[in-house]
Q: 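After the C-alpha cells below, expect a handful of questions from me.
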Amino acid sequence: MSEEHETAIIEMTTESSAYRISPVGIEFLCELDQQAWSELGAKLGKAGRSIGFLIGDWLNYGEGKGEWGNAYESAMRITKLDYGVLRHYASVAKNVQLLTRVNNLSWDHHRKVAPLKTEEEKRKWLQVALQ
C-alpha cells in the first residue's frame, strides 16, 4: 500500500497540560513553544481533512443497515449536523473509494473529483492535485 493510502489514525487529545479543546475552541493553559504549536496544528489539520470522510463513511455504513431505521434522522440527532451537510459527506465518501483517497489532500479535493465516472479518472486528478 502506498504512503498516501496508509491508515492514518487521528490522535486528538482533548486535554493536555498546555491546552483544552472543547466543541467551541481551544483554551491555551500555558505558553506553547513553536514545536508544540506546530504539532497541534498538524493534528488539527489531519482532523479537518478527515472529518468529512469519517462522518460520510459512518453514515453510509448506517444507511446500509435498513433494519436500523432512517440513518439520516439518526445521524442528524447524533451528530447535530443538518441533512445537507450529512448528505454531502456521505455522497463524496460513497463516490470516492477508500483506496482512491489521498491522505495529503483535503476533503474538498476529493469532493471535486467525486462526480467523475471512474476511479481511474479520480486517481489521476488527485495525483495531479498532489503534485
Q: Please find the pair of heavy atoms, one from Ala93 and one from Gly56, that lie closest to each other, and give the distance.
A: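 For Ala93 and Gly56, the tightest heavy-atom pair comes out as CB-C, 3.7 Å.
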Q: Could you list the residues that satisfy side chain to side chain contact (heavy atoms under 4.5 Å, CB included) with Ile78, not counting sequence neighbours?
A: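 Listed in chain order: Trp58, Ser74.
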Q: Taking only Lys NZ, Arg NE, NH1 and NH2, and the carboxylate oxygens of Asp or Glu, determine whether Lys124 and Glu121 approach each other closer than 4.0 Å.
A: no
Q: Quick check: is Tyr61 connected to Leu86 through a chain of hydrophobic side chains (ILVMFWY, heavy atoms under 4.5 Å apart)?
A: no
Q: How about Thr100 and Arg123: does a side-chain donor come under 3.5 Å of a side-chain acceptor?
A: yes
Q: What residue pairs, at least two apart or across chains, pass salt bridge (charged side-chain N to carboxylate O under 4.0 Å, His left out) with a residue in residues 55-73?
A: Asp57-Arg101, Glu63-Lys94
Q: Should His88 and Val85 count as side-chain neighbours, where that means a heavy-atom distance under 4.5 Å?
A: no
Q: Take a 6.0 Å sphere around CH2 of Trp68 and say whether it holds more than 12 heavy atoms from other residues, nucleotides or ligands.
A: yes
Q: Quick check: does any side chain N or O of Arg49 sit under 3.5 Å from a backbone N or O of Gly45, one acting as donor and the other as acceptor?
A: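 Judged by distance alone, yes, a pair lies under 3.5 Å.
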Q: Are side-chain N/O atoms of Gln131 and Gln127 paired as donor and acceptor at under 3.5 Å?
A: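 No donor-acceptor contact under 3.5 Å links the two side chains.
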Q: Should Leu40 and Ile26 count as side-chain neighbours, where that means a heavy-atom distance under 4.5 Å?
A: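 In short, these two side chains touch, coming nearer than 4.5 Å.
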Q: Please determine, by modelled atom types, if Ser106 and His109 share a side-chain donor-acceptor pair under 3.5 angstrom.
A: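 Indeed, the side chains of Ser106 and His109 share at least one donor-acceptor pair under 3.5 Å.
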Q: Please name the pair of heavy atoms, one in Asn95 and one in Ala114, separated by the smallest distance, quoted to 0.1 Å.
A: CB-O, 3.6 Å
Q: Could you tell me whether Phe28 atom CZ has more than 12 heavy atoms of other residues or ligands within 6.0 Å of it?
A: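 Yes, because the 6.0 Å sphere around CZ of Phe28 holds more than 12 heavy atoms from other groups.
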Q: Testing the basics here: between His110 and Leu126, what is the closest heavy-atom pair and its distance to 0.1 Å?
A: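 What the structure gives for the nearest pair is CD2-CD1, 3.7 Å.
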Q: Can you tell if the side chain of Tyr89 reaches within under 4.5 Å of the side chain of Leu59, non-hydrogen atoms only?
A: no
Q: Kindly indicate whether the side chain of Asn103, heavy atoms from C-beta on, has any atom under 4.5 Å from the side chain of Lys46.
A: no
Q: Which residue pairs pass the salt bridge (charged side-chain N to carboxylate O under 4.0 Å, His left out) test when at least one of the two sits in residues 23-38, sequence neighbours left out?
A: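 Checked against salt bridge (charged side-chain N to carboxylate O under 4.0 Å, His left out) - neighbours excluded - the pairs reaching residues 23-38 are Arg20-Glu27.
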Q: Can you name the closest pair of heavy atoms from Asn60 and Ala90 and give their distance?
A: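 In this case the closest contact between Asn60 and Ala90 is ND2-O, 3.0 Å.
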Q: Students often mix this up, so state it plainly: with edges at 30° and 60°, are the rings of Tyr83 and Tyr72 parallel, tilted or perpendicular?
A: tilted
Q: Around atom CD of Glu119, are there more than 12 heavy atoms of other residues, nucleotides or ligands at under 6.0 Å?
A: yes
Q: What's the spacing between Leu81 CG and Ile55 CD1 if we round to 0.5 Å?
A: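 Reported to 0.5 Å precision, the distance equals 5.0 Å.
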